[in-house]
Enquirer: 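Have a look at this one.
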Amino acid sequence: AHIDPDYAGQLLAEAEQHAGAVSGASDRLETLGEVALAAARTDAARAEQIIGSLPPSAPKRAEVAMAVALTDPARGERIAAGAADGYLLALVRAQVAVRTDPAKAGPVLDEAVRAAGSDPAHMAEIAVVMASTDPARAEQVASTITAGAGMTAGYWRARALTGLEIGRAHV
C-alpha cells in the first residue's frame, strides 16, 4: 500500500468483491470484516464504509475500530459507535485519549473500566490500553480479573500482564 497505493486500492476492491460473493452469511460477514481490517491500515474511509455496511455485531468491528482510531480517531469512534455494544466505544475513546492526551486520559480510562464490567477479556484489553500512561494502575486492573468465558482468572491475568509487557516494549 505504501509503495503503490493505486494497486493496493485495486486489490482491496477485488477482495471486497470476492468477500461479498461468499455464499454463507456468517462466512461472508467474517470475510468482509477481514477486508475492512486490511483497509483500516491504509484507507480508513474504505474500512468505515465496508464495516458500516455490516450488522452492528459483525466480526472484526472492534479490531477495525481500534486500527482506524490509531490514524483517524473520529472515524474510529464512529465505527465503534455503530457497534451493538457500548464497551467498544469506551475502549476506542480510551485508546484515543491515551494517544492524544495521556495526562488527561484518567477519566476516559475510568469510563472504559466501568463499561468493561466484569468481562475478563474486556478488563484485559483496558489494562493493556492503560499500561502506557499508568502501568501501576494497569497492573491493578489486571489483578482484579476473575474467571470467565471458560477460562480461569489466572489465564486472563496472564493474558493482560503479557499485553502490558508487550505494550511497554513498544512505548
Side-chain angles (χ1 to χ4, degrees), residues 1-99 108-109 111-130 145-153 155-160 162-163 166-167:
H2 297 289
I3 295 169
D4 191 345
D6 291 335
Y7 184 57
Q10 291 171 10
L11 291 175
L12 274 172
E14 185 178 335
E16 185 178 359
Q17 183 179 17
H18 287 295
V22 171
S23 61
S26 65
D27 290 339
R28 184 175 43 259
L29 290 176
E30 179 70 31
T31 306
L32 283 166
E34 288 290 342
V35 173
L37 185 56
R41 297 178 183 106
T42 59
D43 187 345
R46 183 177 220 140
E48 182 180 28
Q49 179 268 321
I50 295 168
I51 205 72
S53 71
L54 304 179
S57 61
K60 302 295 180 195
R61 181 177 293 272
E63 289 177 70
V64 171
M66 293 290 283
V68 167
L70 293 174
T71 58
D72 188 336
R75 195 177 300 273
E77 285 190 33
R78 279 197 309 268
I79 292 169
D85 159 10
Y87 163 73
L88 177 58
L89 183 56
L91 176 65
V92 169
R93 285 182 174 157
Q95 176 180 301
V96 169
V98 163
R99 291 178 86 52
V108 180
L109 289 165
E111 177 56 35
V113 169
R114 282 191 294 280
S118 61
D119 184 299
H122 291 349
M123 293 299 284
E125 288 173 324
I126 295 298
V128 171
V129 169
M130 191 180 284
I145 295 173
T146 58
M151 302 297 194
T152 66
Y155 165 82
W156 288 111
R157 288 181 188 140
R159 185 171 167 180
T162 301
I166 291 169

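All values reported here derive from a predicted model rather than from experimental measurement.
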Enquirer: Could I get the full list of side chain to side chain donor-acceptor pair (under 3.5 Å) partners for R93, not counting sequence neighbours?
Expert: E77
Enquirer: Quick one: closest heavy-atom pair of A69 and Q95, and the distance?
Expert: CB-NE2, 3.9 Å
Enquirer: Strictly distance-based, threshold 3.5 Å: is any side-chain N or O of R61 a donor or acceptor partner for the main-chain N or O of I79?
Expert: yes
Enquirer: Just how far is it from atom CG of L109 to atom CZ of R114, taken to the nearest 0.5 Å?
Expert: 10.5 Å
Enquirer: Check the pair I51, V68 against side-chain contact (heavy atoms from CB on, under 4.5 Å), reporting the backbone distance first and the verdict last.
Expert: CA-CA 11 Å; I51 205 72; V68 167; over 6 Å; no
Enquirer: Considering non-hydrogen atoms only, spot the tightest contact between R28 and G20 and give its length.
Expert: CD-O, 3.2 Å
Enquirer: Might you point out which heavy atoms bring L54 and G33 nearest each other, and give the distance in Å?
Expert: CD1-N, 4.1 Å
Enquirer: Set out, in order, the CA-CA distance, both residues' side-chain angles and the distance that settles side-chain contact (heavy atoms from CB on, under 4.5 Å) for R41 and T71, then state yes or no.
Expert: CA-CA 9 Å; R41 297 178 183 106; T71 58; over 6 Å; no
Enquirer: Considering only heavy atoms from C-beta outward, does the side chain of V64 approach that of E48 to under 4.5 Å?
Expert: no
Enquirer: Please report the closest heavy-atom contact between A115 and A90, naming both atoms and the distance.
Expert: CB-CB, 3.7 Å
Enquirer: Which residues satisfy the side chain to side chain contact (heavy atoms under 4.5 Å, CB included) test with A45, sequence neighbours excluded?
Expert: D43, R75
Enquirer: Heavy atoms, side chains only, cut-off 4.5 Å: are E16 and R46 in contact?
Expert: yes
Enquirer: Looking at L89 and A81, what are the two nearest heavy atoms and their distance?
Expert: CD1-N, 4.1 Å
Enquirer: Report yes if the side chains of D85 and H122 come closer than 4.5 Å at any heavy-atom pair, otherwise no.
Expert: yes
Enquirer: Could you list the residues that satisfy side chain to side chain donor-acceptor pair (under 3.5 Å) with E14, not counting sequence neighbours?
Expert: none
